[in-house]
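These figures come from a predicted structure and were not determined experimentally. The sequence lines fix the lettering, A, B, ..., with proteins before strands; numbering per chain opens at 1.
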Amino acid sequence: RVHLVFSAAATYSKPRLATFWHYAKVELVPPSPAEIPQAIAGIKNILTGVNSGRLGQTTVKDAFRNGLVCTEVLMWFYIGECIGKGGIVGYAV
Amino acid sequence: MVPPVAVSPLIKTARYSALLAGIVFGKRRYDELKPIAAEERRIEEEEKKVREEQEKIAKALAEGKRPCLFLRDYWQICSHVCSFK
């Protein structure tokens, strides 16, 4: 029966959705307006670090980790592009 | 379960501004590419029509018959051949 398939899918996905929501509530929320000045301060921090040469002292481990974070941020751009162009692969012109 | 990590505000703003920038970029590029593709489709259709006419003539010649052209078709073929950019 079809409704058995749906109920099985629901019972399978509920705990997993619950864990996803548990983490997403903290990690994936957009920045609140109070956090935007902190972000700007963070950018200034990085710029002073570049100018003073402090960033040259980062370990390879830290640099690799930061590189992964930057890559993740760039991937969000491509997801936005997929949303904007209304498709996943290619432009539907 | 591992407690959720507190993500730094810089990363959060960077993520969501990258998402917004991507949406805007995708929408703009789509609007720019759509008329170009429509134009190319139109030109392709015209060329296809001319090619089909020429194939009809070649087929008629290969069968040994004189190709039956109306003056209208002849005029269309000449004007298409002359008007390619």
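- Using a 4.5 Å cut-off between non-hydrogen atoms, the part of residues 23-32 of chain A that approaches chain B consists of A:Tyr23, A:Val26, A:Glu27, A:Leu28, A:Val29, A:Pro30, A:Pro31.
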Which atom pairs, donor and acceptor, lie under 3.5 Å between side-chain atoms of residues 39-48 of chain A and protein residues at least two apart or in another chain?
unit_1: A:Thr48; atom_1: OG1; unit_2: A:Lys44; atom_2: O; d: 3.2
unit_1: A:Thr48; atom_1: OG1; unit_2: A:Asn45; atom_2: O; d: 2.7

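- Looking at B:Pro3, only its backbone comes within 4.5 Å of chain A, counting heavy atoms on both sides.
- Within 6.0 Å of the CZ atom in B:Arg28, the count of heavy atoms belonging to other residues, nucleotides or ligands does not exceed 12.
- Residue A:Trp76 is grouped with residue A:Ile83 when hydrophobic side chains (ILVMFWY) are merged at heavy-atom distances under 4.5 angstrom, including chains of intermediate members.
- Neither the backbone nor the side chain of B:Val24 comes within contact range of chain A; no heavy atom of the residue lies under 4.5 Å from a heavy atom of that chain.
- Taking OG1 of B:Thr13 as the reference point, atom CD1 of A:Ile36 lies at 7.0 Å (rounded to 0.5 Å).
- Your options are B:Ala6, B:Ser17, B:Ala21, B:Pro35, and the one with the most heavy-atom pairs under 4.5 Å with chain A is B:Ala21.
- Partners of A:Arg65 according to the salt bridge (Lys or Arg N to Asp or Glu O under 4.0 Å) rule, which considers only residues two or more places apart in sequence or in another chain, are A:Asp62.
- Only the side chain of B:Arg41 comes within contact range of chain A, with at least one heavy atom under 4.5 Å from a heavy atom of that chain.
- Both A:Tyr78 and A:Tyr91 are members of a single hydrophobic cluster when ILVMFWY side chains are connected at heavy-atom separations under 4.5 Å.
- Using cut-offs of 30° and 60° for the angle between ring planes, the B:Phe25 and A:Phe77 rings count as tilted.
- For chain B, the option among A:Cys82, A:Gly86, A:Ala92 with the highest count of heavy-atom pairs below 4.5 Å is A:Ala92.
- Enclosure of atom CD1 in A:Ile88 is not indicated, since only 12 or fewer non-hydrogen atoms of other residues, nucleotides or ligands lie within 6.0 angstrom.
- Listed by chain and residue number, nothing satisfies the salt bridge (Lys or Arg N to Asp or Glu O under 4.0 Å) test with A:Lys85 (two or more places apart in sequence, or in another chain).
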